[in-house]
Protein chains: 2
Amino acid sequence: MRASRYLIATQKETPADAEIVSHQLMLRAGMIRKLAAGLYTWLPMGLRTLRKVERIVREEMDKSGAQEVLMPAVQPAELWQESGRWEQYGGELLRMNDRHGRDFCFGPTHEEVITDLIRNELKSYKELPANFYQIQTKFRDERRPRFGVMRAREFIMKDAYSFHLDGDSLEETYQVMHRTYCNIFDRLGLDYRPVEADSGAIGGSASHEFHVLADSGEDAVIFSTGSNYAANIEKAVALPPQGDRPAPSQDMQEVHTPGQRTIEAVSNYLRLPPEQSVKTLLVKGEEDENGQSGLVALILRGDHNLNEIKAENLPGVAEPLTMATDEEIENAVGCQPGSIGPVKLPVPIIVDRSAAHLADFVCGANRDDYHLTGVNWERDMPLGRVEDLRDVVEGDASPDGKGTLEIRRGIEVGHIFKLGNKYSKAMNATVLDENGKAAILEMGCYGIGVSRIVAAAIEQNHDDKGIIWPQAIAPFEVAIVTLNGHKSPVVAEAGEKLYEQLRQAGYDVLLDDRNDRPGVKFADIELIGIPHRLVVSERGLGAGTLEYKGRTDEEKQDIPVEEALSFLVQKAPKGGL
Amino acid sequence: MRASRYLIATQKETPADAEIVSHQLMLRAGMIRKLAAGLYTWLPMGLRTLRKVERIVREEMDKSGAQEVLMPAVQPAELWQESGRWEQYGGELLRMNDRHGRDFCFGPTHEEVITDLIRNELKSYKELPANFYQIQTKFRDERRPRFGVMRAREFIMKDAYSFHLDGDSLEETYQVMHRTYCNIFDRLGLDYRPVEADSGAIGGSASHEFHVLADSGEDAVIFSTGSNYAANIEKAVALPPQGDRPAPSQDMQEVHTPGQRTIEAVSNYLRLPPEQSVKTLLVKGEEDENGQSGLVALILRGDHNLNEIKAENLPGVAEPLTMATDEEIENAVGCQPGSIGPVKLPVPIIVDRSAAHLADFVCGANRDDYHLTGVNWERDMPLGRVEDLRDVVEGDASPDGKGTLEIRRGIEVGHIFKLGNKYSKAMNATVLDENGKAAILEMGCYGIGVSRIVAAAIEQNHDDKGIIWPQAIAPFEVAIVTLNGHKSPVVAEAGEKLYEQLRQAGYDVLLDDRNDRPGVKFADIELIGIPHRLVVSERGLGAGTLEYKGRTDEEKQDIPVEEALSFLVQKAPKGGL
């Protein structure tokens, strides 16, 4: 592509409303423009990268044996009513009426549509397993769209849905998708981690998220230093501490702690480390058959954080997790939230594994402005249920027993999920099994945020000059910058010749033939993030050389003109594309 | 692709609600499935063809120098209010509210969005001309969606918009797009015609439609037998008849024609040919400055049809064309519609060129149940304005004076259009010209109905067995059918070997390895319309041969196994792809 005939819409100023670096750089590099909140136009430069991501996703999905389809973006309400989601799905579902007043939505996902298709098309177990995918525009009416295409309302997603007679077959395809996703992110050239994720209340038995690692990531991603174990923070298991709980060595005493209501305050006041105390959180319990629910106390070590997902997944705890109000606490315990503790608490308790391992600890006395010290399980009150209630922390033992846990930040760009029969049961999607009996289908679903990957790649790969693209998804792989080509026919001609040579070798080349100052052109090429830059100048040509600089190289280097292609082939082989 | 692992969703029955052959065959061949009225899922088989069409369109647009972008499907109302179309666009615009109650629509077209983008991005005439395109899902809420993807509500369109400083530059790009469209339809392998089209009241000065010829087409497409002249029926010019009008030879007489109210009835009754009579149609005239409008009479030869577009484009005639009611006619003329005529008519008249050439003709007497015979212009009443008011008919002289006109049926699949400054003026889209002054941009727009092409190709290319794909857009180019491959390892192995060989040569191959009767497999391959079929059988292999049959061949032929590839290369070179 010749830059003189291409929309190079770079900007010097950092747009005021762009909060994260990928959003800023996508605007500044002329990749996207905002049309309205959460709605972006992809300019030519951005679309090139988007299409490369799409192509890699498509090729790997095809290789996996999945079949590409294309379902409508606009979906009739009837199917969502059948699955129950027309009511359940909140404000993110963009609903609309057609000219005849019928209800439709702009699909945020396609479980209903594909399940409807499959219940009509597939008749026999012999046609299974089957896996269908599409790469398509979706819409989620986010309350507060932001971060550019990272959390846009209209976005491009690859969604796949697999169908099976039984769980073994689902497991097999699930593993194929896991490997396929690894292949995709490998080819994209991104540093990523597949992590175990919570599969929630859908009844799905397994779920993995794929995270692109970046310091700016919204999610905590947990790894083991000694094994392949990886999970998101919601799922990462905190093991019970090793060994037996220490024996009691102190007597229990009530101490006056006037105005001390937080773990930090009480610990400071008593000159004890927070890990020698417990915190007691009151939450709503599950409703009984009469629709009544009481409170449940969750007990954690003072320095640990409650993991809400782990808590709400426990029997006896209401989902979603709902903290008791001050009034409910006052009514149930007779004190304020900062003074609750497990001793003589008139509420059932669930104790975190680490809290259960403490001896001689501090806790609230269930009396305002008083705490207890030297408290011991079993001696001073029953221990009751012990569960994993907390977020893991760095240094925790890996749940597989190998190594310790590390925490990094990640951006979720993929998710694979065993759906089980949630949709197939609600929509009566069956096939005939070997015995000629109707069997409810088992389903898996597999998503990749195609447009989000573009932003995530930038979050991971940038510096103060701009984007640093992995070669596989760079809008252009090589930039040829001609210096004063409009004045020097020799330079212009050498630039054109090199351009044709590299193109014919299969490279995506931008020939920067614009009539601009060298500094402007260099800055644009760095901002856009093109991995390889070759400069054609009169001085260089006089010496028979071009100047090469990789996007992250410290130094430029001169290379003989006639070796340009072989140099590039060695630096940037085309095999990875 | 192996058919055993692919969704071959063929159907024997012709679906009851599919009215046209392409809709029937797309359902029967398993290319699409209906989700709701005007909403279709593309199954794997159909999507392969759709993507091939898309790819050809993209490659040719890229070659033309147009730059690909991707604009949001969901568009804010504000831009449509700025252009004035939020009010003007009728029920086809699917409107919706987001969660904050703001107005949006699902874009049926993108003039507003691109004009908004360009007025922000382009500053100087030096950045012009520029042409941007996208291939994208659009929505038109048709009152009565039908004919499958031929007239769906959700559909895929390639739309392009070009921007210019002046009309010369627009003309240049317009011609480039004309050539590009010809290249696209040539590569698609379709019989098509670019025809002049009416550019309506937008002020655009030129417009061409691209029609795929098919007997089932909704539009009449007009060509000259002696030149390249081609136009749609709305635009095709009817020349004035040659020579002078014959001199009067009869006296005007009033004759009683009781109950004869149509041209056909009157002609039969008077034993005169219809072309010796005129019909008089009363329509609304244009409003004057006071908002008042009277009636206007349009006079045509009895055997000719009024061309409504030509009529409504005339000064003095209301747009859209509105026929006078019986009551308005009674009030103005004092008779019923079947008895009106130009003699002493108290309404201004516009006479078609052919009607103006008649002598001694028949017309209504402006008195119920009476007509006049032997009527002559100038002698019996003034001739007044003469215009081209009628549809051309076969045998008319070509307007360029070369040959006569022929009429065929076509399906409109592309449209190029000079928009002029309609949108750029309404939305104040300017650049600085050579003198540093703000200049309103000139615009062109260029559409192709990508999904509609698939249906149009089938309307043009089918027989009673199914679809006959042009090779460039066939879902698969070659089918290898193995006979009893599940019982004969020799057949299965030979099939696999041939499959790999042809794939490596670059062909899109379907290996029909299904465990089905040969007749079922042959019928499917013909229904799906795969251009080339190779059969692998034990008997054939025994003689060292495969059986070849082209989709439209009368006869099968045996070819030596080892010559299969060279035979195919000669029959179906890959160069066209």
Side-chain angles (χ1 to χ4, degrees), chain A residues 1 5-7 9 30 33 35-44 46-48 50-51 65 67-76 78-79 90-92 94-100 102 104 106 113-114 116-117 120-122 126-127 130 132 134 136-137 139 141-143 152-154 156, chain B residues 1 5-7 9 30 33 35-44 46-48 50-51 65 67-76 78-79 90-92 94-100 102 104 106 113-114 116-117 120-122 127 130 132 134 136-137 139 141-143 152-154 156 515:
Chain A
M1 192 62 66
R5 300 182 203 166
Y6 199 70
L7 185 64
R33 285 295 179 264
L35 173 63
L39 302 178
Y40 291 88
T41 292
W42 290 81
L43 298 184
L47 190 61
R48 290 183 74 91
L50 184 70
R51 293 272 186 243
Q67 301 181 51
E68 189 174 3
V69 296
L70 183 62
M71 295 179 264
V74 174
Q75 306 181 8
E78 286 76 9
L79 290 179
E92 283 188 15
L94 181 64
R95 294 156 210 254
M96 59 192 87
N97 293 109
D98 75 358
R99 65 190 298 161
H100 303 295
R102 290 190 209 100
F104 288 87
F106 196 131
V113 176
I114 191 82
D116 177 58
L117 180 76
N120 293 323
E121 293 303 320
L122 300 190
K126 291 181 194 162
E127 299 170 83
F132 298 94
Q134 59 177 354
Q136 198 216 30
T137 299
F139 200 97
D141 201 0
E142 299 266 356
R143 180 182 295 278
R153 296 201 285 180
E154 190 175 319
I156 296 179
Chain B
M1 194 60 67
R5 301 182 203 165
Y6 199 69
L7 186 63
R33 286 295 180 263
L35 172 63
L39 302 178
Y40 291 88
T41 292
W42 291 81
L43 299 184
L47 189 61
R48 289 183 74 91
L50 184 70
R51 294 273 186 244
Q67 300 182 51
E68 189 175 1
V69 296
L70 183 61
M71 295 179 263
V74 174
Q75 306 181 8
E78 287 76 9
L79 290 179
E92 283 189 15
L94 181 65
R95 295 156 209 255
M96 60 192 86
N97 294 108
D98 74 358
R99 64 189 300 161
H100 303 294
R102 290 190 210 99
F104 288 87
F106 196 131
V113 177
I114 192 82
D116 177 58
L117 179 77
N120 293 323
E121 293 303 320
L122 299 190
E127 298 169 85
F132 297 94
Q134 60 178 352
Q136 198 217 29
T137 299
F139 201 98
D141 200 359
E142 298 265 356
R143 180 181 295 278
R153 295 200 286 179
E154 190 175 320
I156 295 179
N515 178 0

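Numbers restart at 1 for each chain; the letters A, B, ... are given by sequence-line order, proteins then strands.
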### Task
Check each atom of Asp98(A) against the heavy atoms of chain B and say whether the ones under 4.5 Å are side chain, backbone, both or neither.
both

### Query
Taking the side chain from Glu121(B) and the backbone from Ala9(A), do they hold a donor-acceptor pair closer than 3.5 Å?
no

### Query
Just by distance, do the side chain of Gln67(B) and the backbone of Leu7(A) share a donor-acceptor pair under 3.5 Å?
yes

### Task
Against chain B, label Ala36(A) side chain, backbone, both or neither, depending on which of its atoms sit under 4.5 Å from a heavy atom there.
side chain

### Query
salt bridge (charged side-chain N to carboxylate O under 4.0 Å, His left out) with Arg99(A): which residues, sequence neighbours excluded?
none

### Message
Need one label for Leu43(A): side chain, backbone, both or neither, based on atoms under 4.5 Å from any heavy atom in chain B.
### Response
both

## Note on the structure
Answer key: most heavy-atom pairs under 4.5 Å with chain A among Glu68(B), Met71(B), Met96(B) is Glu68(B)

### Task
Report yes if the side chains of Lys126(A) and Asn515(B) come closer than 4.5 Å at any heavy-atom pair, otherwise no.
no

### Task
With a 4.5 angstrom heavy-atom cut-off, could you sort out which part of Leu122(B) is near chain A: side chain, backbone, both or neither?
side chain

### Query
Taking every heavy-atom pair that is under 4.5 Å apart, which of Ala130(A), Gly65(A), Pro76(A) has the most such pairs with chain B?
Pro76(A)

### Contact origin within Tyr6(B) toward chain A - heavy atom pairs under 4.5 Å
both

### Task
Sort Phe106(A) into side chain, backbone, both or neither according to what part of it lies under 4.5 angstrom from a heavy atom of chain B.
side chain

### Query
What's the shortest heavy-atom distance between Phe104(B) and Leu39(A), and which atoms?
CE2-CD1, 3.8 Å

#### Entry: With sequence neighbours excluded, residues passing side-chain hydrogen bond (donor to acceptor under 3.5 Å, both in side chains) with Asn120(A)
none

### Query
In terms of heavy-atom pairs under 4.5 Å with chain A, which of Gln134(B), Arg51(B), Arg102(B) leads?
Arg51(B)

### Task
Could you check which of Pro72(A), Ala37(A), Gly91(A), Ala152(A) has the highest count of heavy-atom pairs closer than 4.5 Å to chain B?
Pro72(A)

## Note on the structure
Max heavy-atom pairs within cutoff under 4.5 Å with chain B, candidates Leu35(A), Asp116(A), Ile114(A), goes to Leu35(A)

### chain B contact via Glu92(A) - side chain, backbone, both or neither, heavy atoms under 4.5 Å
both

### Summary
Among Arg5(A), Arg143(A), Glu127(A), the residue with the most heavy-atom pairs under 4.5 Å to chain B is Arg143(A)

### chain B contact via Leu79(A) - side chain, backbone, both or neither, heavy atoms under 4.5 Å
side chain

### Query
So among Thr41(A), Thr137(A), Leu47(A), which one has a side-chain contact (heavy atoms from CB on, under 4.5 Å) with Leu70(B)?
Leu47(A)

### Task
Before giving the answer on side-chain contact (heavy atoms from CB on, under 4.5 Å), spell out for Arg33(A) and Leu117(B) the whole-Å C-alpha distance, their side-chain angles and the decisive distance to 0.1 Å.
CA-CA 8 Å; Arg33(A) 285 295 179 264; Leu117(B) 179 77; 3.9 Å; yes

